[in-house]
Amino acid sequence: GGCFYKSEQLQKIYGLQPELYLKLKPFISVPIKHISIKKTNSIPSRAQLDINLISAIQLSKEFNLDKQISNRIVNYRNKLGGYYSLYQLKEVYGLEDSSFLELQSRLQIIEPYRKLFINSIATDSLSSHPYVGKKRGQLIISYLRIHGKVNKAEDLKLIYSDDANSLEKLIPYLDYK
């Protein structure tokens, strides 16, 4: 597990629907904790390893991973715009369960992932996201041309009717502004 420093970070919990978060938000209280951080040029300590910042070289050294797997983890992170859940590492081709368990136990998510501004994004940027793809990217752009705007994830259900799981994974990345 990770730590939450702001109530907004709870939105990163995999599977937490935005509507549920909005209902719970008034009841969420995260104590303020002052943390001093020393910047160094060395590889961060084990407690500070952030999956959204770590390099492929650091992954190889810290976890004794094959360079190809380390590169896949970082490349997939870059395509996603960052990980919102460590379970997304299971989607990296070739990552063994034992390696996943070690990564999961020693990595955390501190740096936020990049949101997709669904109503103003270019087709190429949208289509390159792993949970969208070229065909769905074109369908979403067509939806925008016809309807003008995507207001909520449910608007995309018809486009994802054959793969609701991909839509569920995409939802945390969506920003409707």
Side-chain angles (χ1 to χ4, degrees), residues 1-118 121 125-126 128-132 153 165-177:
C3 295
F4 299 103
Y5 300 104
K6 295 186 274 184
S7 62
E8 293 79 25
Q9 291 176 315
L10 291 169
Q11 295 177 77
K12 295 180 185 178
I13 296 174
Y14 183 72
L16 179 66
Q17 298 295 321
E19 298 81 13
L20 179 59
Y21 170 76
L22 291 174
K23 287 179 186 176
L24 295 173
K25 187 176 179 182
F27 305 102
I28 299 170
S29 174
V30 179
I32 298 173
K33 201 177 200 182
H34 296 286
I35 302 170
S36 62
I37 300 173
K38 293 180 182 176
K39 294 203 173 206
T40 63
N41 292 331
S42 64
I43 294 175
S45 72
R46 289 182 181 200
Q48 297 173 325
L49 293 175
D50 183 349
I51 188 61
N52 287 332
L53 295 176
I54 196 168
S55 70
I57 293 168
Q58 289 172 314
L59 280 168
S60 292
K61 288 181 181 177
E62 278 289 319
F63 297 94
N64 198 27
L65 291 174
D66 178 81
K67 288 180 183 180
Q68 188 176 24
I69 296 294
S70 297
N71 284 328
R72 283 183 192 154
I73 290 169
V74 171
N75 289 339
Y76 193 59
R77 174 189 71 202
N78 294 341
K79 287 178 184 176
L80 287 169
Y83 294 102
Y84 62 79
S85 168
L86 292 174
Y87 286 99
Q88 289 176 284
L89 290 168
K90 288 186 161 247
E91 299 167 17
V92 175
Y93 177 77
L95 182 66
E96 296 178 8
D97 287 340
S98 59
S99 296
F100 166 74
L101 291 172
E102 185 179 359
L103 290 168
Q104 183 187 30
S105 71
R106 292 180 42 208
L107 288 173
Q108 52 187 318
I109 297 174
I110 300 169
E111 186 68 24
Y113 52 91
R114 189 174 59 245
K115 293 281 197 167
L116 294 173
F117 293 93
I118 193 76
I121 195 167
S125 297
L126 183 61
S128 67
H129 195 279
Y131 300 149
V132 178
N165 188 41
S166 287
L167 178 58
E168 288 299 315
K169 291 192 268 184
L170 178 65
I171 288 171
Y173 290 100
L174 297 178
D175 190 314
Y176 305 100
K177 295 177 189 166

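Model, not experiment: these values are computed from the prediction. Sequential numbering from 1 along the given sequence is applied to the chain's residues.
Taking Ser99 as the reference, Leu65, Leu95, Glu96 meet the side-chain contact (heavy atoms from CB on, under 4.5 Å) condition, with sequence neighbours excluded. Every residue two or more places apart in sequence or in another chain that forms a side chain to side chain donor-acceptor pair (under 3.5 Å) with Tyr76 is listed here: Glu91. Evaluation of the side chain to side chain donor-acceptor pair (under 3.5 Å) rule for Ser125 yields no partner, not counting sequence neighbours. Not counting sequence neighbours, the partners of Pro112 by the side-chain contact (heavy atoms from CB on, under 4.5 Å) test are Lys12. With sequence neighbours left out, the side-chain contact (heavy atoms from CB on, under 4.5 Å) criterion links Ser128 to no other residue. Taking Glu111 as the reference, nothing meets the salt bridge (charged side-chain N to carboxylate O under 4.0 Å, His left out) condition, with sequence neighbours excluded.
Arg106 places no side-chain N or O within 3.5 Å of a backbone atom of Leu49 that could act as its donor or acceptor partner.
His129 and Leu116 make their closest contact through CD2-CD1, 3.8 Å (heavy atoms, listed as atom of the first residue, atom of the second, distance). Nearest heavy atoms, Val92 versus Arg72: CG1-CB, 3.7 Å. Between Ala56 and Asn71, the closest heavy-atom pair is CB-OD1, 3.2 Å.
To the nearest 0.5 Å, the span separating OH on Tyr113 from CD1 on Ile51 amounts to 15.5 Å. Atom CZ of Phe117 is separated from atom CG of Leu126 by 13.5 Å, given to the nearest 0.5 angstrom. Note that CG of Asp97 and NZ of Lys90 are 5.0 Å apart. Values are rounded to the nearest 0.5 Å. The distance from the CD1 atom of Ile109 to the OH atom of Tyr83 is 9.5 Å, given to the nearest 0.5 Å. Note that CD1 of Ile73 is 5.0 Å distant from CG of Leu103, once rounded to the nearest 0.5 Å. From Leu80, atom CG reaches atom CG of Asn75 across 11.0 Å, with rounding to the nearest 0.5 Å.
Contact of the Gln104 side chain with the Tyr87 side chain is registered, since non-hydrogen atoms from C-beta on lie closer than 4.5 Å. Side-chain contact check for Tyr131 versus Glu168: every heavy-atom pair is 4.5 Å or farther apart.
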Would you give me the side-chain donor-acceptor pairs under 3.5 Å for residues 170-177, sequence neighbours excluded?
{"from": "Tyr173", "atom 1": "OH", "to": "Gly82", "atom 2": "O", "distance (Å)": "2.5"}
{"from": "Tyr173", "atom 1": "OH", "to": "Gln88", "atom 2": "NE2", "distance (Å)": "3.0"}
{"from": "Asp175", "atom 1": "OD1", "to": "Lys177", "atom 2": "N", "distance (Å)": "3.0"}
{"from": "Tyr176", "atom 1": "OH", "to": "Ala153", "atom 2": "N", "distance (Å)": "3.0"}

